[in-house]
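Read through the structure below, which is laid out as structure tokens, and then see the notes.
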Amino acid sequence: MQLYRLIYYSEAADNLTLQDVKSIAAKASVKNESLLVSGGLLYCESKFLQILEGGIAPVNKLFASILRDPRHKNVSLIEFTRIKKREFEGWDMSLVFFPTSRDFYPEYIKYSGDDSFDPLSLDGDVCVAFLRGLLERQKR
Ligand code: FAD
């Protein structure tokens with residue numbers, strides 16, 4: 001199977017609660033596993049950064065439903081590219097939550113060199129390394 005990676009950034013709808021986000025991630029995890037899609041979802045200060053990796057059809061289909069989802073807005077595609085291997089093997093859609101971006105500055109600065117959290121200024125490889133770093137940290 002040819003593998004693809006899709007990365008986007010979005011902003012939560014005004015009325016979205018943390019409980020809603022947890023519920024999105026829990027359902028996503030089940031569906032993504034069945035589609036052989038791996039990845040991660042960062043939620044911080046009402047912003048999302050999500051990485052999806054898998055076959056071209058499931059990744060496109062998922063992104064199409066995600067784009068239509070009223071629970072977030074201003075969805076911006078950061079990257080869609082073919083990849084040689086998965087970086088999120090075994091992670092169906094783990095959620096990483098931080099109330100404020102200050103909580104992950106030490107991790108973020110390693111990759112960005114800038115302390116203001118702006119996912120749109122990061123390239124795809126940096127997003128992957130950053131989100132993976134956060135997931136590894138959460139696992140410990
Ligand atoms: P349904 O669950 O029947 O949804 C029908 C429609 O209603 C969809 O358009 C959906 O967007 C909307 N909807 C569903 N529940 C609610 C609700 N509680 N409030 C308001 N609208 C609702 N899904 C995945 O499977 N994998 C992911 O990785 C994934 N990541 C997501 C990341 C973000 C930031 C967001 C906001 C959503 C994500 N979702 C993900 C959910 C995704 O957008 C779809 O809701 C999901 O794929 C199911 O859609 P469906 O059309 O198959 O079914």
Side-chain angles (χ1 to χ4, degrees):
M1 178 176 64
Q2 302 285 5
L3 287 171
Y4 287 79
R5 177 169 79 209
L6 188 149
I7 307 178
Y8 73 86
Y9 162 81
S10 67
E11 293 160 20
D14 293 343
N15 53 355
L16 204 75
T17 65
L18 179 57
Q19 204 43 50
D20 294 330
V21 176
K22 286 181 177 167
S23 158
I24 289 171
K27 284 190 191 147
S29 188
V30 175
K31 188 162 164 191
N32 293 8
E33 187 179 11
S34 72
L35 296 171
L36 302 180
V37 169
S38 42
L41 177 66
L42 168 66
Y43 181 60
C44 174
E45 292 173 349
S46 301
K47 294 170 187 161
F48 291 106
L49 176 65
Q50 185 171 32
I51 300 181
L52 300 164
E53 52 184 28
I56 190 163
V59 168
N60 267 297
K61 204 168 164 222
L62 261 185
F63 189 52
S65 4
I66 288 171
L67 274 175
R68 287 193 302 268
D69 199 314
R71 291 170 288 182
H72 64 164
K73 59 191 178 185
N74 300 331
V75 179
S76 298
L77 184 64
I78 294 176
E79 181 190 73
F80 180 63
T81 189
R82 197 156 140 188
I83 51 173
K84 289 198 167 57
K85 67 174 185 69
R86 291 175 193 265
E87 296 291 342
F88 294 84
E89 187 81 58
W91 277 304
D92 305 316
M93 192 41 58
S94 299
L95 173 68
V96 197
F97 165 68
F98 289 94
T100 79
S101 52
R102 262 196 314 277
D103 300 324
F104 58 64
Y105 274 165
E107 195 69 37
Y108 185 66
I109 286 168
K110 268 196 248 169
Y111 302 110
S112 78
D114 184 348
D115 65 358
S116 63
F117 180 53
D118 175 16
L120 293 178
S121 70
L122 305 177
D123 77 21
D125 289 338
V126 169
C127 290
V128 168
F130 169 54
L131 195 45
R132 262 205 66 147
L134 293 181
L135 282 167
E136 301 280 2
R137 192 173 115 176
Q138 183 166 268
K139 211 168 69 174
R140 286 197 290 268

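Order of appearance sets the numbers: ligands from 1, and atoms from 1 within every ligand.
Cluster annotation: L36 and I56 are assigned to distinct hydrophobic clusters (Ile/Leu/Val/Met/Phe/Trp/Tyr, side-chain heavy-atom contacts under 4.5 Å, transitive).
When only non-hydrogen protein atoms are considered, atom 33 (C) of ligand 1 lies nearest to Y8 OH, 3.5 Å. Among all non-hydrogen protein atoms, the one lying nearest atom 27 (C) of ligand 1 is A28 CB, 3.3 Å. The nearest protein atom to atom 12 (C) of ligand 1, hydrogens excluded, is given as P70 CD, 4.2 Å; this is a heavy-atom distance. Looking only at heavy atoms of the protein, atom 52 (O) of ligand 1 is closest to K31 NZ, 3.1 Å. Closest protein heavy atom to atom 24 (C) of ligand 1: L62 CD2, 3.4 Å.
In this structure, E45 contributes its side chain and S101 its backbone to a donor-acceptor pair below 3.5 Å. Without hydrogens or angle criteria, S34 side chain to K31 main chain gives a donor-acceptor distance under 3.5 Å. Without hydrogens or angle criteria, E53 side chain to F88 main chain gives a donor-acceptor distance under 3.5 Å. Within the 3.5 Å criterion, the main-chain N or O of L95 finds a donor-acceptor partner in the side chain of Q138. Looking only at distances, a side-chain donor or acceptor of H72 sits under 3.5 Å from a matching main-chain atom of I66.
Closest of all the heavy-atom pairs between A129 and Y111 is O-OH, 3.3 Å. Considering all non-hydrogen atoms of both residues, S29 and D92 come closest at O-CB, 3.4 Å.
Contact annotation for atom 5 (C) of ligand 1: protein absent (non-hydrogen atoms, distance under 4.0 Å).
Inter-residue side-chain proximity for V75 and F48 is flagged as unmet; no heavy-atom pair is nearer than 4.5 Å.
Heavy-atom separations between F63 and ligand 1 are all 4.0 Å or longer.
With a 4.0 Å cut-off on non-hydrogen atoms, L52 touches ligand 1 through its side chain and not its backbone. In N32, the part holding a heavy atom less than 4.0 Å from any atom of ligand 1 is the side chain. Neither the backbone nor the side chain of D20 has any atom closer than 4.0 Å to an atom of ligand 1 (non-hydrogen atoms only). Contacts between Q50 and ligand 1, counted as non-hydrogen atom pairs separated by less than 4.0 Å, involve the side chain only.
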Can you check salt bridge (Lys or Arg N to Asp or Glu O under 4.0 Å) on D118 and K47, steps first, answer last?
-> CA-CA 10 Å; D118 175 16; K47 294 170 187 161; over 6 Å; no

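Between atom 39 (N) of ligand 1 and the options I24, D92, L49, the minimum heavy-atom separation is to I24.
Using a 4.0 Å cut-off to heavy atoms of F48, the atoms of ligand 1 that qualify are 34 (C).
For D69, a nitrogen or oxygen atom sits less than 3.5 Å from a nitrogen or oxygen atom of ligand 1, counting backbone and side chain alike. Taking any N or O of R71, backbone or side chain, at least one lies under 3.5 Å from an N or O belonging to ligand 1.
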